[in-house]
Amino acid sequence: MIEITCNDRLGKKVRVKCNPDDTIGDLKKLVAAQTGTKWERIVLKKWYTIFKDHITLQDYEINDGMNLELYYK
């Protein structure tokens with residue numbers, strides 16, 4: 001299990017526990033459950049890289065304790 005922190009820079013900071021072999025879409029669903037938004041509206045970024053839904057966290061080299069930026073469409 002790894003823990004990822006998602007921050008939307010507007011006051012919401014969410015910590016999510018997931019597995020490294022989960023997809024970005026699964027991570028979005030976990031974040032959506034904690035923030036109360038629809039998972040389709042969530043965009044996860046790190047600098048200028050927008051993460052695609054079907055790729056796993058391992059492939060993006062997202063490790064334990066990483067911070068991701070949370071945006072809404």
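Source: prediction; values computed, not measured. For reference, positions follow the sequence shown, starting with 1.
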Nearest 0.5 Å, please: how far is [atom2] in [Y] from [atom1] in [X]?
| X | Y | atom1 | atom2 | value |
| --- | --- | --- | --- | --- |
| Asp64 | Met1 | CG | CE | 10.5 Å |
| Lys52 | Leu44 | NZ | CG | 12.5 Å |
| Glu69 | Tyr48 | CD | OH | 9.5 Å |
| Leu27 | Cys6 | CG | SG | 5.0 Å |
| Ile4 | Arg15 | CD1 | CZ | 13.0 Å |

- prompt: If only atom types and distance count, is the side chain of Arg41 paired as donor or acceptor with the main-chain N or O of Tyr72 below 3.5 Å?
  reply: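 Answer holds: no.
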message: Is it the case that the side chain of Lys12 and the backbone of Asn7 share a donor-acceptor pair, with hydrogens and angles ignored and the cut-off at 3.5 Å?
response: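 No, Lys12 side chain to Asn7 backbone: no donor-acceptor pair under 3.5 Å.
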- request: From the options Ile50, Thr56, Ile62, select the one residue that forms a side-chain contact (heavy atoms from CB on, under 4.5 Å) with Ile24.
  value: Ile62
task: Of all the heavy-atom pairs spanning Thr5 and Lys13, show the shortest one and how long it is.
output: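 Taking Thr5 first and Lys13 second, the nearest heavy atoms are CG2-CE, 3.6 Å.
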- prompt: Above 12 or not: heavy atoms from other molecules or residues under 6.0 Å from NZ of Lys46?
  reply: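 Enclosed.
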- prompt: Is it the case that Lys45 places NZ or CZ above or below the six-membered ring of Tyr71, under 6.0 angstrom from the centre and within 45 degrees of the axis?
  reply: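 Yes - Lys45 lies over the ring of Tyr71, closer than 6.0 Å to its centre and within 45° of its axis.
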message: Please tell me whether Ile55 and Leu57 are part of a single hydrophobic cluster in this structure, the criterion being side-chain heavy atoms less than 4.5 Å apart.
response: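 Result: yes, single cluster for both.
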message: With a 4.5 Å cut-off on side-chain heavy-atom distances among I, L, V, M, F, W and Y, is there a chain of contacts connecting Leu70 to Trp39?
response: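 No, separate clusters.
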Side chain to side chain donor-acceptor pair (under 3.5 Å) partners of residues 18-35, not counting sequence neighbours, each pair once: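 Checked against side chain to side chain donor-acceptor pair (under 3.5 Å) - neighbours excluded - the pairs reaching residues 18-35 are Thr23-Asp26, Lys28-Asp53, Thr35-Thr37.
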